[in-house]
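Written below as structure tokens is the structure these notes are about.
Nothing here was measured: the structure is a model prediction, and the numbers come from that model.
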Amino acid sequence: MRIILFSLLILSSLNSFSTKITSVSSGDWSQGSTWDLHRAPSCEDTIMIDATHKIDISSDINLQHCNNKISILIEGILYFSKNGSKLRLPENSYINITSTGLLDSYTYNGATNFIRFGNNSVWESKDGPQTGVSFGSAPLPVKLITFNAKSNSNSVVLTWQTATEINNDYFTIERSVNADNWEEILYITGAGNSNKTETYASTDLNPLNGTAYYRLKQTDFDGKFEYFNVVAVNIEKKSLPKIAVYPNPASENTSVSVEHNFSESNSTISISVKNIEGKEMTSFVSENIKTAIEGLPKGLYFVTVSTESTQQTEKLIIQ
């Protein structure tokens, strides 16, 4: 369920995607200098009127021919400044007038000035000024198909799919031990705009031991966000194999024991010792869980015990 009201203007398209165009000063709708893209709004645009700007419609603006619905966010003023000023948009378009925004006209007589979605009038000058209202239905920014979490050894793999995305900036994965207090653990960039199935995957490499809860959060380009369903996964962490090198520090010419608890069947146990410069001093294969290293001069060394799938390293100091 959405955690906050969706007020970002978004454009839902079957074949192409919106370009955000924002007012940079008060002025006429048709003048390029009024907008950050240095042109008047067109069919492929999501239109945003800044809270500090007044945008005048002084002619008949006709965008009904556009194949895609158009969305407009009015945080400032959209003003029909002349007799016969009109704004014609495709069917199923969307206009959101925020609590700071205003739709107004120089006259409130009749239907001389109007806004139409297709052939349907959604506002006429006789309706008077409008604020804090919207016309049309706002499409959801992301349609989620699935969100799953699955344990995999000592990690949790999270996967999800979306059917459509509109102005989707990024996803975050949140984790909780009790489904009440949440922490963000992963960040994944969204597709932005997409009308095809998008598949995502990410991994929690350091999961909680026992039952943990995960939820998916989606954030739009303007910072608005929504949460999706919570999933639970149980994981019992397996103890990682360990090695012990002793005595450590050790005196020169002292026998040093290397012990491990690697228990992989049919796996070769290799032991190597390198100095601080990376030069290998000795290496050998051992069939025992405990072996000895001798003859190392004073210095700092790195003792590595490895199998085909596991590797552990310990520092060794010879004094």
Side-chain angles (χ1 to χ4, degrees), residues 1-12 18-31 34-37 40-41 45-58 61 63 68-82 85-109 111-118 120-143 165-170 190 193 217-228:
M1 178 180 294
R2 239 185 183 341
I3 203 77
I4 58 174
L5 293 176
F6 175 59
S7 63
L8 174 68
L9 275 173
I10 51 181
L11 175 63
S12 177
S18 65
T19 299
K20 180 179 174 183
I21 184 169
T22 304
S23 64
V24 292
S25 66
S26 296
D28 194 273
W29 174 289
S30 300
Q31 297 299 313
T34 304
W35 308 97
D36 61 345
L37 299 183
D45 294 335
T46 290
I47 305 160
M48 304 184 71
I49 299 176
D50 186 85
T52 61
H53 300 151
K54 176 187 174 186
I55 305 302
D56 295 331
I57 292 185
S58 58
I61 306 297
L63 297 172
N68 306 312
K69 68 176 75 172
I70 289 176
S71 295
I72 307 174
L73 175 65
I74 304 173
E75 294 182 333
I77 301 173
L78 181 63
Y79 187 70
F80 288 72
S81 60
K82 291 184 178 180
S85 299
K86 299 173 177 61
L87 179 59
R88 307 174 193 263
L89 302 174
E91 293 182 359
N92 299 322
S93 290
Y94 175 66
I95 295 177
N96 179 258
I97 309 168
T98 69
S99 58
T100 65
L102 175 66
L103 170 62
D104 203 0
S105 174
Y106 89 104
T107 179
Y108 304 135
N109 295 324
T112 302
N113 301 335
F114 60 74
I115 298 175
R116 285 182 182 171
F117 292 174
N120 300 315
S121 180
V122 297
W123 174 84
E124 297 174 347
S125 51
K126 63 182 178 62
D127 296 329
Q130 306 289 317
T131 188
V133 298
S134 58
F135 307 120
S137 299
L140 294 174
V142 170
K143 183 177 181 181
E165 298 183 27
I166 305 171
N167 290 341
N168 176 28
D169 192 0
Y170 61 91
N193 295 290
K217 178 182 177 183
Q218 177 271 323
T219 302
D220 301 335
F221 285 113
D222 76 333
K224 306 301 185 195
F225 59 89
E226 66 178 324
Y227 286 104
F228 297 101

Q) P41 and W35: which non-hydrogen atoms are nearest, and at how many Å? A) CD-NE1, 3.3 Å
Q | Test item: S71 side-chain N/O and T46 main-chain N/O as donor-acceptor pair under 3.5 Å | A | no
Q | Residue pair S99 / T131: nearest heavy atoms and the distance that separates them | A | O-OG1, 3.7 Å
**Q.** All salt bridge (Lys or Arg N to Asp or Glu O under 4.0 Å) counterparts of R88, not counting sequence neighbours
**A.** D60
Q) Got K20 and M48 here, is their nearest side-chain heavy-atom distance under 4.5 Å? A) yes
**Q.** Contact check, side chains of S105 and Y79, non-hydrogen atoms, under 4.5 Å
**A.** no
Q.
Which residues pass the side-chain hydrogen bond (donor to acceptor under 3.5 Å, both in side chains) test with S58, not counting sequence neighbours?
A. D28
Q.
How long is the straight-line distance from CD1 of I115 back to CD1 of I57, given to the nearest 0.5 Å?
A. 6.5 Å
Q: Compare every heavy atom of T107 with every heavy atom of S125, then report the nearest pair and how far apart it is.
A: CB-O, 3.4 Å
Q: With sequence neighbours excluded, tell me which residues meet side chain to side chain contact (heavy atoms under 4.5 Å, CB included) with E124.
A: A111, F114, S121, K126, D127
Q. Between CD of E226 and CG of N168, what distance do you get to the nearest 0.5 Å?
A. 8.5 Å
Q.
Which heavy atom of N96 sits nearest to which heavy atom of S134, and what is that distance?
A. ND2-CB, 3.8 Å
Q. For K217, which residues count as a salt bridge (Lys or Arg N to Asp or Glu O under 4.0 Å) partner, sequence neighbours excluded?
A. E184
Q: Taking ring-ring contact (aromatic ring centres under 6.0 Å, His included) as the test, write out the residues that go with Y108, two or more places apart.
A: none
(Q) On a heavy-atom basis, which atom in I55 and which in S26 lie closest, and how many Å separate them? (A) CD1-CA, 4.5 Å
Q. Can you tell me how far the OG atom of S85 sits from the CG atom of N113, to the nearest 0.5 Å?
A. 5.0 Å
Q | Rounded distance [0.5 Å steps], CG in L102 versus CD1 in I77 | A | 5.5 Å
Q: Determine the sole option in W123, Y106, W29 for which the ring-ring contact (aromatic ring centres under 6.0 Å, His included) test with F80 is passed.
A: W123
Q. Rounded to the nearest 0.5 Å, how far apart are CZ of F225 and CG of D220?
A. 10.0 Å
Q | Contacts of T52 that satisfy side-chain hydrogen bond (donor to acceptor under 3.5 Å, both in side chains) - sequence neighbours left out | A | D50
Q: Evaluate the criterion side-chain contact (heavy atoms from CB on, under 4.5 Å) for residue pair L89 and I95; output intermediate values, then yes/no.
A: CA-CA 10 Å; L89 302 174; I95 295 177; 4.1 Å; yes
Q) How far does CG of L87 sit from CD1 of I70, to the nearest 0.5 angstrom? A) 8.0 Å
